[in-house]
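Shown next, in structure tokens, is the structure this report addresses.
Computed from a predicted model, the values in this text were never measured in an experiment. Just so it is clear, the values below take in all heavy atoms, side chains as well, and ignore hydrogens, waters and symmetry mates.
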Amino acid sequence: MLDVIKLNAGYGAVSVLHDVTFQVREGDRIAVIGSNGAGKSTLLNALSGIVLPKAEKINFDGKSLLGVAPHRISRLGLLQVPEGRQVIGPLSVEENLELGSLAARDRNVDPAAEMLRVFRTFPRLEERRKQEAGSLSGGEQQMLAIGRAMMGKPKILLLDEPSLGLAPVIVDIVFDALTRLNREGLTLVLVEQNARRALEITDVAFVLEQGRIARHDRSAALLNDPQIIAHYLGRA
């Protein structure tokens, strides 16, 4: 579904990612963990075209993403939920969701059906559908950011720090929703500073260190690895 070979990316003269190679298969739940500055967000931004990547190969559904503009990548079905949510505050919840449907306008997608799916996943959004997005709580804004991406009918959903700044009970709601969406067929790539939770809800994980994949293993194996526990998980 997504094949990446020797991906390099950075900012100006600063190189962040170095020969990153991996594959995402349909239905995967993948976690990307690592310390601050390891290149996790840069990886997602390079896949989304927000950061210009250099690579031997970045193919999504058989199409090369090299040199493709971010809006065209999203229309292919590779969508990102950015760090910090970035909802449009003055617009209502419903209007934010409607904007998300633009990513699917080149495909045969029914926006009304997708909005119902969002509301089934996050009932709180339906309760607040006419409310300004800027007046929502942080957890509700995170639900809206995920819902907006769902409106684009993603084939792969890239999530950048979805638990950031959220209360534990809201983190549970968000992660439970992501697990359900994956069971319904949505492929997930999750960048998350809360490494323990990320490993608990995924099947496979990459450990990024200084812009390189240092480990690639089953998430359950990494959860019980003494070195991973010491560096990234702390005490249970």
Side-chain angles (χ1 to χ4, degrees), residues 1-2 26-27 29 41 44-45 47-50 60-61 65 68-167 169-192 201:
M1 195 174 196
L2 178 64
E26 186 174 0
R29 289 183 295 176
S41 294
L44 297 193
N45 288 335
L47 296 176
S48 301
I50 298 168
F60 174 59
D61 261 4
L65 299 185
V68 179
H71 72 282
R72 296 197 178 277
I73 291 175
S74 68
R75 289 180 185 176
L76 292 173
L78 183 64
L79 281 97
Q80 181 174 347
V81 179
E83 181 181 350
R85 298 131 200 174
Q86 298 182 24
V87 300
I88 302 177
L91 298 185
S92 70
V93 166
E94 192 170 60
E95 289 167 335
N96 270 270
L97 294 174
E98 288 169 349
L99 284 176
S101 68
L102 294 175
R105 69 179 186 180
D106 295 336
R107 291 171 279 137
N108 188 24
V109 174
D110 179 2
E114 294 310 309
M115 190 171 294
L116 286 175
R117 185 181 182 213
V118 170
F119 290 153
R120 284 197 302 269
T121 304
F122 298 114
R124 201 172 299 188
L125 294 182
E126 184 172 24
E127 296 169 4
R128 291 155 174 74
R129 62 189 302 167
K130 299 301 182 182
Q131 189 171 326
E132 287 189 3
S135 68
L136 300 178
S137 69
E140 291 164 349
Q141 288 188 13
Q142 186 62 70
M143 296 174 197
L144 179 55
I146 295 171
R148 182 177 57 191
M150 289 171 60
M151 290 292 295
K153 196 69 174 180
K155 299 174 185 176
I156 297 180
L157 186 61
L158 310 174
L159 298 117
D160 196 355
E161 303 285 5
S163 76
L164 186 66
L166 303 185
V169 65
I170 302 299
V171 173
D172 289 343
I173 291 172
V174 168
F175 279 24
D176 286 349
L178 294 176
T179 300
R180 291 197 307 272
L181 290 171
N182 175 257
R183 288 173 181 161
E184 294 169 5
L186 180 58
T187 304
L188 302 175
V189 178
L190 170 65
V191 159
E192 181 56 64
I201 72 158

Drop me the distance from Leu157's CG to Arg29's CZ, to the nearest 0.5 angstrom.
14.0 Å
Asp176 meets the side chain to side chain contact (heavy atoms under 4.5 Å, CB included) criterion, sequence neighbours left out, with Arg180
Any side-chain heavy-atom pair from Leu136 and Arg128 closer than 4.5 angstrom?
yes
Nearest heavy atoms of Leu144 and Ala133, plus distance in Å
CD2-CB, 3.6 Å
Rounded to the nearest 0.5 Å, the CG atom of Leu164 sits from the CD atom of Gln142 at a distance of 8.5 Å
Is the count of non-hydrogen atoms from other residues, nucleotides or ligands lying under 6.0 Å from Arg75 atom CZ greater than 12?
yes
What's the shortest heavy-atom distance between Met151 and Ala104, and which atoms?
O-CB, 4.1 Å
Quick one: CD on Gln80 to CG on Asp160, what's the gap to the nearest 0.5 Å?
6.0 Å
CD/Glu26 to CE/Met1 distance, rounded to the nearest 0.5 angstrom?
5.0 Å
Once side chain to side chain contact (heavy atoms under 4.5 Å, CB included) is applied, do any residues pair with Ile73, and if so which ones, sequence neighbours excluded?
Leu65, Val68, Leu78
Any Leu76 side-chain heavy atom under 4.5 Å of Asp61 side chain
no
Close side-chain approach of Ser48 and Leu158, heavy atoms under 4.5 Å:
yes
Atom CZ in Arg148, atom CD1 in Ile88: separation rounded to 0.5 Å?
6.5 Å
From CD (Glu161) to CZ (Arg85), nearest 0.5 Å:
11.0 Å
Partners of Ile201 by side chain to side chain contact (heavy atoms under 4.5 Å, CB included), sequence neighbours excluded?
Phe175, Thr179, Leu190
Which pairs count as side-chain hydrogen bond (donor to acceptor under 3.5 Å, both in side chains) when at least one residue sits in residues 95-111, sequence neighbours excluded?
Ser92-Glu95
Mind listing the closest non-hydrogen atom pair of Leu186 and Pro154 along with its distance?
CD1-O, 3.3 Å
For residues Leu47 and Ile156, determine if any side-chain heavy atom of one lies less than 4.5 Å from a side-chain heavy atom of the other.
no
Note, Ser74 side chain near Leu79 side chain (heavy atom, < 4.5 Å)
yes
So, using side chain to side chain donor-acceptor pair (under 3.5 Å) as the criterion, who are the partners of Thr187 when residues are at least two apart?
none
For Ser41 and Glu83, work out which heavy atoms get closest and say how close.
OG-OE1, 3.7 Å
If we only count heavy atoms from C-beta on, is the Met150 to Leu181 side-chain gap below 4.5 Å?
yes
Taking distance alone, no hydrogens or angles, what donor-acceptor pairs closer than 3.5 Å link side-chain atoms of residues 113-127 to residues at least two apart or in another chain?
| residue | atom | partner | partner atom | Å |
| --- | --- | --- | --- | --- |
| Glu114 | OE2 | Lys153 | NZ | 3.4 |
| Arg117 | NH2 | Glu184 | OE1 | 3.3 |
| Thr121 | OG1 | Arg117 | O | 2.9 |

Return the minimal non-hydrogen interatomic distance between Asn182 and Gly27, and the atom names on each side.
ND2-O, 3.1 Å
Answer whether the closest heavy-atom distance between the side chains of Ile173 and Met143 falls below 4.5 Å.
yes
